[in-house]
Chemist: 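Next up is a structure, given as structure tokens.
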Amino acid sequence: MSSRTRAPFALVAPALVASVLSLVPVWYLFQTAFTSGFAAVVDELFQSRTLQLVLRSLLLMVTVTSASVVIGVFAAWVVARSPLRPRLLLIIAFSLSLAIPSYLAAFAWVSWIPGISGFLGAFIVLTFVCYPFVMLPVIASMDISDPMSEKVALSLGRTPFGVFRTVTLGQSRPAITGGALLVALYVLSDFGAVAAMRYEVFTWVIYGAYRAGFNPSRAAILSTVLLMAALVLTLIEARVRSTRDTFRLGSGVRRATNIQFGIPARIATITGAVLLVALGAGVPIWRAIYWTGFDSSNQVQWDVVISSIATSFGIGIVTSVVTALVALPIALLSARYRGRASQILEGSTYVAHALPGIVIAISIVYLGIRTLRPLYQEMPLLILAQVLIFLPLAVASMRSAIAMSTQSLEHVARSLGAGSMMTLLRVTIPLALPGIMAAGALSMLSSVKELPATLLLRPTGTETLATQIWKFSSVSDYASVGPFALAMILLAVVPVAVLTATTRHGVAR
Amino acid sequence: MTLSLSIRDVSHHYGDRLVLDSVNLDVPQRSITAIIGPSGVGKTTLLRLIGGFEAPDKGRIEVEGEVVAENSRLIIPPQSRGVTIVPQDGALFSHLTVGGNVAFGLKNRRSTAARARVTEVLEIVGLAQYEKHRPSQLSGGMQQRVALARALAPHPRVVLLDEPFAALDAGLREQVRDETVRALRATNATAIWVTHDQEEALSTADQVAVMLGGRMQQIANPATLYQYPISQHVAEFVGDVFVIAGTSVGAGNHVQCALGDAVPIANACPAGPVNIVVRPEQLTIVPEGAVGSVPVQIVGSKFFGHDGVIEGTLSTGERVVIRLQADQLPQVGSRVGVTTRGMLLAYTD
């Protein structure tokens, strides 16, 4: 039960300012969309090419989501129920592809099988990037569900597959639904994979309309449509999640279903798992090594590689520090105080979560052009865009870290004479510090991987790892991409994998 | 007698549910008050109100004569009340050492006086040598004692203990409970202690408050509460009882029932039908047919080691329970005579 005491003003003020500011870019987006009048908007929307765009986006969303559910449930089952071990290694291996930037994976596939470009390529790449969104919550739900119910079903005469279909899947359904919605949201907002595969869905067309330059309102109008679609998905996701939280059972004994496992089933499971890791994470890693090692016709310019790494990390560090500072008051408020203010905050976090990176980038561009002209294509605006993109995730992970420690600790501190701000500083924040640090690290790694905002907003002449990969790959100069891709994998993928492993480990205990 | 805490007509709702209904309670200085009642009866809510984590919808709470909350107004916030808490799970700060936890509520934590106080309180709970340890290095019972030391260190006006031993296993529980009482007495603390274990309450508290259904049913010292429960509900909650039917006779201080024609009762009752509440230790076994005894058919027997309980039926078919020394348990199926001792309790509903 959360306390009914009032939130301290020192917390409410910065949180409200931050969440209002995070919605300012959206305002600019709407303004730009409607500059040429309402009729122009209608005209733009009801064109056959817009309809085609909607259909293509829908097709990609539905196919990737379905495939991710199938693969994600399989991977979760391998981790939580199959006799394959060790569990932690499996989770890391299956999560690796989530950490690889979608544009890097896409370029890896295209460079290997050029004919894959288009829908098929986008479908394959996005599925491998997205299935962990389904896998992770399903593992959690399989872990907390009582394996006894599966044994009961077996004893009632169901076949092992029948048990899986009716009991295991049935109990995981809320988790699957939640994961599927996250996948759909990701597909809608992804820029890298569809851009690399040149498959014309919203994000790629928005980018094109902006680059073409002669029609700024088209980019804004399409962004608004994308925003609306993403918002609907986010609201549904929030609803599903709130019902899922009450679904948790008490802490029973988990693990240990000794379903009989024949040799053929064992071979099939191992083959499936190996194939999944090989195609998901293996292909990009192999291509990056291959580009660097065997395909280098020209000399690697290590100084350029190192300066790109330095730039990426410089932006990443500033972004993560600012993100953490802005996210902390919001997370504290929504984890600890129920009231009008925290509800508004939570609502605005959901809206911000719905904003695809390209939409935020475009709206910051308009903000720069119209109001902050001196800052346009300067570092502060790029940082601002990235902070807005990563804020919702940082708030969410900080909030769960804060919510993890029981509130009785704060009551004890209050009873011992600490005021509400003092309690935050001396108890709540120190206890949540690992979670806060993890959120910061996650924002930094995301910043290193981030592409669309960096492409649109970076100062002229500034090159990061992401833009270098983009620059050389889009002209198929893979020999030059190699070292950047390898550096990206080492610097972004490895830490993300470690982070996933350690946080998962904590949950499993 | 100075009051450390006074609760006047406090009512509180959660949504539509009335959790506390006009509760009154006075807690004298340097006393231990136990609040007992089944779970979900509002005990923890009452502690939250005393601690200041919520304001009562109605009524007034005074700490040492100072009004701290009244009619949904939180007048003094938790940090300024001088009311400390020992939560159920201990809730130690895992980022601080044992010493850091105990020092948390002290002013000028780095001063010599504060350090001396930490050592002093840790000595009282018997954990002086663990000052530099992390809470995670201590056993559950030790953690609970640190939580107590932390609550006692700043010389609070009242200490609240919310089922402080519920998480400990039976053997440890008794030991930690005894140490807690010793520490509370040694520091002259005023304590309010919530529990659903009536044995714990009877054996440790100066006064026991029984809560049922959001109402304070009876507040009395343990012996009075046990001997003169105010209602059948309270009698049934405090100690073991069984109930048989009877009639109040004479001047209202005897009853007629299957246990005898004129059995004395502790509480006067108007003439007429009554429920008679009997404690198992109030029956004595004698040979069948002995003068003044009634026959009982033994139908069940439970052996507890130090004593035992047998179950029997009276001539009316009513069930009786008798507590005996373990070596005196009669055979199941045999017949014995039974006489009553002391005064029984009788209630009209």
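Because only heavy atoms are used, hydrogens play no part in the values below, and waters and symmetry mates are left out as well, while side chains stay in.
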Chemist: So what's closer than 4.5 Å to chain A heavy atoms on Leu92(B): side chain, backbone, both or neither?
Modeler: backbone
Chemist: Are more than 12 heavy atoms from other residues, nucleotides or ligands located less than 6.0 Å from atom CZ of Phe93(B)?
Modeler: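 More than 12 heavy atoms, drawn from other residues, nucleotides or ligands, come within 6.0 Å of this atom.
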Chemist: Provide the full list of salt bridge (Lys or Arg N to Asp or Glu O under 4.0 Å) pairs with a residue in residues 99-119 of chain B, sequence neighbours left out, each pair given once.
Modeler: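 As it turns out, the salt bridge (Lys or Arg N to Asp or Glu O under 4.0 Å) pairs with a partner in residues 99-119 of chain B, which skip direct neighbours, are Arg117(B)-Glu120(B).
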Chemist: More than 12 heavy atoms of other residues, nucleotides or ligands under 6.0 Å from CE of Met421(A): yes or no?
Modeler: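 More than 12 heavy atoms, drawn from other residues, nucleotides or ligands, come within 6.0 Å of this atom.
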Chemist: Can you give each donor-acceptor pair under 3.5 Å made by side-chain atoms of residues 67-75 of chain B, sequence neighbours left out, with the distance rounded to 0.1 Å?
Modeler:
residue  : atom : partner  : partner atom : Å
Asn71(B) : OD1  : Gly59(B) : N            : 2.9

Chemist: Once you round to the nearest 0.5 Å, how far does CG of Leu409(A) lie from CG of Asn101(B)?
Modeler: 9.0 Å
Chemist: For the candidates Gln79(B), Arg81(B), His95(B), which exhibits the highest count of non-hydrogen atom pairs separated by less than 4.5 Å from chain A?
Modeler: Gln79(B)
Chemist: How about Val83(B) and Ser415(A): do any of their side-chain heavy atoms sit closer than 4.5 Å?
Modeler: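 No, too far: nothing below the 4.5 Å cut-off.
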Chemist: Which atom names give the shortest non-hydrogen contact between Ile85(B) and Val412(A), and what distance separates them?
Modeler: CD1-N, 3.6 Å
Chemist: Report yes or no: is the cationic atom of Arg426(A) (NZ for Lys, CZ for Arg) under 6.0 Å from the centre of the six-membered ring of Phe104(B), at an angle within 45° of the ring normal?
Modeler: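 Cation-pi check for Arg426(A) and Phe104(B): passes.
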Chemist: Just to be sure I understand the criterion: a residue of residues 143-161 of chain B counts if one of its heavy atoms is under 4.5 Å from a heavy atom of chain A. Which ones qualify?
Modeler: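 Within residues 143-161 of chain B, the residues under 4.5 Å from chain A are Arg150(B), Ala151(B), Pro154(B).
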Chemist: Pro77(B) versus Arg414(A): any side-chain heavy-atom pair under 4.5 Å?
Modeler: yes
Chemist: If you check every heavy atom in residues 33-45 of chain B against those of chain A, which residues fall under 4.5 Å?
Modeler: none
